[in-house]
Amino acid sequence: MSDVAATAPSHDGFAHKALKTSGVIWFLAATVGQWLFVYYILMTHGRATLSGNYSEWDDVGLISGYVDGDLIANLLFISHVLLAVIMIVGGTLQLSPPVRKRFPTLHRWTGRVFLVIALFLAIGGYYMTWARGVRLSDIGAMGVSFNAHLIVFFSALTFYYAYKRQIDTHRRWAMRLFIVAHGVWFFRISLMGWYLINQGPVGSTRQLDGPADLVISFACYLVPLAMLELYQRAVDGHSTRFKWAMTVGVLLGTVAMSIGIFAALMMMWLPHI
Ligand code: HEM
């Protein structure tokens, strides 16, 4: 056997197929949860905006929401939430293999739209948080702020490698961007999952600056990011044991994520729809 063949990743074994299948299962579960978030946004902020009852934005218990007479604040808020819908729907289409393979032009455009909106949400969200004071506490806003930095950084790298035509590296940064661009969604499902498992807000405060809030506000996207790196290494590598370990890891992660989605649906989204 040549050296190349000896070190080449094994892509046709059972372990490899199981690993890839676990990735698909994770993606399908995440898609359901992200579309439920979209449904919540449309049924609350979307409906209130279409009917012209802007003050109803606040009915979900926002920090700021509608500000009477402040056109900039209101435009910033509503563009933020409605563009979030386009980004989330576009993101799931972007990673869906049938769409990627059958409609490459659509794939390229949804990718560009995803990247630009993710940047807009990160910068606009950062501005609302720190320049307009829409935050519950300084410490509580650290996690989402670091998330915003990662979105900007990963967007730049995703764009750079596409421009350089280094498609494999571009794809890897795009996947990382997908994870951090859903940081606020991960935060919601993680926090609600935590409340559900503990039957209450253990270590969490109304200002979201308790120990559990702090850990969750960073871990909610850093743990999925670490999982993605390990998954990618397992896919690329040729260790069967590592592939099996990651298959189990991804499936357990999917179970945890599904509990969080259920909790967010029951405690955060459905009560407002
Ligand atoms: C990039 C992905 C993002 C998405 C999909 C997203 C989505 C949303 C949604 C749906 C809301 C409405 C909240 C609700 O109804 O419960 C919202 C509000 C808000 N977001 Fe984002 N967001 C993102 C990023 C960010 C970032 C990075 C920041 C800050 C650094 C941020 C700051 C805010 C603020 C300040 C509000 C208003 C909260 C309030 O008044 O209570 N967002 N976002």
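Every number for a ligand or one of its atoms is a count from 1 in the order of the listing. Keep in mind the model is a prediction, meaning the values are calculated, not measured.
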| field | Ligand-side contact atoms (ligand 1) for residue partner Thr129, heavy atom cut-off under 4.0 Å | value | 29 (C), 30 (C), 32 (C), 35 (C)

| said: Testing the 3.5 Å rule here: is there a donor-acceptor pair between the side chains of Ser204 and Tyr195? | reply: yes

| Under the 3.5 angstrom rule, does the side chain of Tyr221 hit a backbone N or O of Asn147 as a donor-acceptor pair? | yes

| query | Would a 4.5 Å heavy-atom cut-off, applied to side chains only, mark Val116 and Val113 as touching? | reply | no

| query | Is there a side-chain contact between Arg176 and Glu229 (heavy atoms, below 4.5 Å)? | reply | yes

| query | How many angstroms lie between atom CG of Leu157 and atom CD of Gln166, to the nearest 0.5 angstrom? | reply | 11.0 Å

| field | Where ligand 1 meets Ala148 - atom numbers and elements under 4.0 angstrom, heavy-atom basis | value | 27 (C), 30 (C)

| With only distance considered, is Tyr40 within less than 3.5 Å of ligand 1 through an N or O on each side? | yes

| request: Run down the list Arg132, His45, Met142, His80 and name the one with the heavy atom closest to atom 17 (C) of ligand 1. | output: His80

| field | Those atoms of ligand 1 less than 4.0 Å from some heavy atom in Tyr126 | value | 29 (C), 30 (C)

| query | Mind checking whether Val255 and Leu251 have side chains closer than 4.5 Å, heavy atoms only? | reply | no

| task | Would you mind listing which atoms of ligand 1 come within a distance below 4.0 Å of any non-hydrogen atom of Phe37? | result | 10 (C)

| query | How about Ser155 and Trp173: does a side-chain donor come under 3.5 Å of a side-chain acceptor? | reply | no

| remark: Quick look: Trp185 vs ligand 1, heavy-atom contacts under 4.0 Å, and the answer is neither

| said: Test of understanding: given a 4.0 Å heavy-atom threshold, classify the contact between Met268 and ligand 1 as side chain, backbone, both, or neither. | reply: neither

| task | Could you find the nearest protein heavy atom to atom 39 (C) of ligand 1 and give me its residue, atom name and distance? | result | Ile63 N, 3.3 Å

| task | Check the surroundings of atom CZ in Arg206: do more than 12 heavy atoms from other residues, nucleotides or ligands lie under 6.0 Å from it? | result | no

| message | Test of understanding: given a 4.0 Å heavy-atom threshold, classify the contact between Asn147 and ligand 1 as side chain, backbone, both, or neither. | response | neither

| Short list, please: which atoms of ligand 1 are under 4.0 Å from a heavy atom of Ala84? | 5 (C), 7 (C)

| note | To the nearest 0.5 Å, atom CG of Leu228 lies from atom CZ of Arg233 at 11.0 Å

| Protein contact of atom 37 (C) of ligand 1 - nearest heavy atom, named by residue and atom, plus distance | Val134 CG1, 3.9 Å

| query | For ligand 1, is any non-hydrogen atom under 4.0 Å from Ile41's backbone (N, CA, C, O), its side chain (CB onward), both, or neither? | reply | side chain

| message | Just verifying a value: how many Å separate Ile189 CD1 and Trp194 CH2, rounded to the nearest 0.5 Å? | response | 15.0 Å

| query | Quick one: which ligand 1 atoms are inside 4.0 Å of a heavy atom on Ser64? | reply | 39 (C), 40 (O), 41 (O)

| request: Pull out every atom of ligand 1 sitting under 4.0 Å from any heavy atom of Ala181, numbered as shown with elements. | output: 1 (C), 2 (C)

| ligand 1 versus Val81: contacting region, heavy-atom distance under 4.0 Å | side chain

| request: Tell me which protein heavy atom sits closest to atom 28 (C) of ligand 1, plus the residue, atom name and distance to 0.1 Å. | output: Gly125 CA, 3.5 Å

| In terms of residue, atom name and distance, what is the protein heavy atom nearest to atom 26 (C) of ligand 1? | Val144 CG2, 3.8 Å

| said: Could you tell me, atom by atom, which parts of ligand 1 come under 4.0 Å of a heavy atom of Val184? | reply: 3 (C), 4 (C), 5 (C), 6 (C), 7 (C), 22 (N), 23 (C), 24 (C), 25 (C)

| query | On the ring face of Trp185, is Arg188 found with NZ or CZ under 6.0 Å from the centre and within 45° of the axis? | reply | no

| request: Could you tell me whether ligand 1 has any atom less than 4.0 Å away from a heavy atom of Trp57? | output: no

| query | Would you say Ile78 and Asn74 make side-chain contact, with heavy atoms under 4.5 Å? | reply | no

| task | List the closest protein heavy-atom neighbour of atom 36 (C) of ligand 1: residue, atom name, distance to the nearest 0.1 Å. | result | Met128 CE, 3.9 Å

| Between Phe178 and His182, how do the two ring planes meet: parallel, tilted or perpendicular, split at 30° and 60°? | tilted

| Any heavy atom of Arg188 sitting closer than 4.0 Å to ligand 1? | yes

